[in-house]
Amino acid sequence: ADDINITGPLSSCLRAYEVVTKKGHAFGVYPNEKKTQAFVKDSKVELTIQKIGESSFPRIEVVTEARYLGSLLGEAEAKDRYLRQMANEWVRQIKVIAHIAPNNPQAVYKVFSACIKSKWTYMQRVLKTAANAAEGQEPIDPYAQIGKAIKEHIIPNVTGQDRAHP
């Protein structure tokens with residue numbers, strides 16, 4: 001394995017990374033410094049770059065946002081941007097499978113419930129929308145556009161009705 005996660009103060013993480021690098025092979029762990037990232041808040045980037053540059057592992061990349069277990073770690077703005085991208089993709093997928101529904105409604109229902117729905121349900125559990133929108137903007141709920149796509153595309157095409165009833 002070359003994937004490990006270490007959390008805590010940077011100095012502790014670097015010490016732990018050094019131990020894993022030296023002794024991990026005995027346990028089948030081979031960390032790859034080129035793929036290693038130090039995830040930090042925006043305010044800590046410069047200090048982290050300096051400390052990593054002074055360490056034994058100068059090739060560790062410093063990042064302020066990172067995908068992790070199907071979600072995103074980072075500031076609220078980055079999370080909102082990622083969530084909007086994912087929601088747009090799910091709406092696109094909903095529209096694509098909705099075209100198949102008149103001829104194969106059971107297949108569409110299966111694809112929707114087993115694939116698309118499970119992905120965005122998981123995302124709702126692990127990534128919340130930002131409570132506050134940028135000043136002067138209305139908060140946007142990316143999940144609302146998914147609900148709208150279901151009502152306008154999946155339900156009418158699976159049931160054969162012209163439009164979904166509220």
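Counting from 1, the numbers follow the sequence of the chain as shown.
In this structure, CE in Met86 is found 7.0 Å from NZ in Lys119, a value given to the nearest 0.5 Å. Atom-to-atom distance recorded for Ser56:OG and Arg15:CZ is 12.5 Å, nearest 0.5 angstrom. Here the CD1-OG1 distance, from Ile146 to Thr121, works out to 9.0 Å after rounding to the nearest 0.5 Å. Taking OH from Tyr109 and CD1 from Ile155, the interatomic distance works out to 11.0 Å, rounded to the nearest 0.5 Å. In this structure, CD in Gln85 is found 11.5 Å from CG in Asp80, a value given to the nearest 0.5 Å.
The salt bridge (charged side-chain N to carboxylate O under 4.0 Å, His left out) test applied to Glu61 returns no partner, not counting sequence neighbours. Residues that satisfy the side-chain hydrogen bond (donor to acceptor under 3.5 Å, both in side chains) test with Asn104, not counting sequence neighbours, are absent from this structure. With sequence neighbours excluded, the residues that form a side chain to side chain contact (heavy atoms under 4.5 Å, CB included) with Ala16 are Ile6. Checked against salt bridge (charged side-chain N to carboxylate O under 4.0 Å, His left out), Lys23 has no partners two or more places apart in sequence or in another chain. Scored by the side chain to side chain contact (heavy atoms under 4.5 Å, CB included) test, Phe39 finds Val63, Ala66, Leu73 as partners (sequence neighbours excluded). Remark: Thr36 pairs with Tyr17 by the side-chain hydrogen bond (donor to acceptor under 3.5 Å, both in side chains) rule, at least two apart or across chains. Residues forming a side-chain hydrogen bond (donor to acceptor under 3.5 Å, both in side chains) with Gln106 (at least two apart in sequence, or on another chain): none. Residues passing the side-chain hydrogen bond (donor to acceptor under 3.5 Å, both in side chains) test with Arg81 are Glu65, sequence neighbours excluded.
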Pair Ile97-Ile154, side-chain contact (heavy atoms from CB on, under 4.5 Å): steps then yes or no: CA-CA 8 Å; Ile97 66 168; Ile154 294 289; 3.8 Å; yes
Report the C-alpha distance between Phe112 and Gln93 in whole Å, list the side-chain angles of each, state the deciding distance to 0.1 Å, and finish with yes or no for side-chain contact (heavy atoms from CB on, under 4.5 Å). CA-CA 9 Å; Phe112 171 74; Gln93 292 173 4; over 6 Å; no
Apply the test side-chain contact (heavy atoms from CB on, under 4.5 Å) to residues Ile60 and Leu14: give CA-CA distance (whole Å), side-chain angles for both, the deciding distance (0.1 Å), then the verdict. CA-CA 10 Å; Ile60 292 175; Leu14 288 172; 4.2 Å; yes
Candidate pair Val91 and Trp120, rule side-chain contact (heavy atoms from CB on, under 4.5 Å), full reasoning: CA-CA 11 Å; Val91 167; Trp120 62 266; over 6 Å; no
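The two residues Met123 and Tyr82 come nearest to each other via the heavy atoms CE-CE2, 3.7 Å. Considering every non-hydrogen atom in both Ser55 and Pro58, the closest pair reads O-CD, 4.0 Å. Nearest heavy-atom pair, Phe57 versus Glu18, reported as atom, atom and distance to 0.1 Å: CZ-CA, 3.5 Å.
One hydrophobic cluster, built from ILVMFWY side chains closer than 4.5 Å, cannot hold both Val96 and Val108; they sit in different ones. Under the 4.5 Å side-chain heavy-atom criterion for Ile, Leu, Val, Met, Phe, Trp and Tyr, Tyr143 and Tyr122 are members of the same hydrophobic cluster.
Annotation: salt bridge (Lys or Arg N to Asp or Glu O under 4.0 Å) contacts involving residues 88-100, sequence neighbours excluded, comprise Glu89-Arg92. Sorted pairs that involve residues 60-79 and meet ring pair (Phe, Tyr, Trp, His ring centres under 6.0 Å), not counting sequence neighbours, are lacking altogether. Pairs of residues two or more places apart, or lying in two chains, never qualify as salt bridge (Lys or Arg N to Asp or Glu O under 4.0 Å) while including a residue from residues 97-112.
The shortest side-chain heavy-atom distance between Pro156 and Glu152 does not fall under the 4.5 Å cut-off.
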Report, one line per pair, each donor and acceptor closer than 3.5 Å where one atom sits in a side chain of residues 42-54; sequence neighbours left out.
residue: Thr48; atom: OG1; partner: Lys44; partner atom: O; Å: 2.6
residue: Gln50; atom: NE2; partner: Glu54; partner atom: OE2; Å: 3.4

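A salt bridge is absent between Glu75 and Lys79: the closest approach of a Lys/Arg side-chain nitrogen to an acidic carboxylate oxygen does not fall below 4.0 angstrom.
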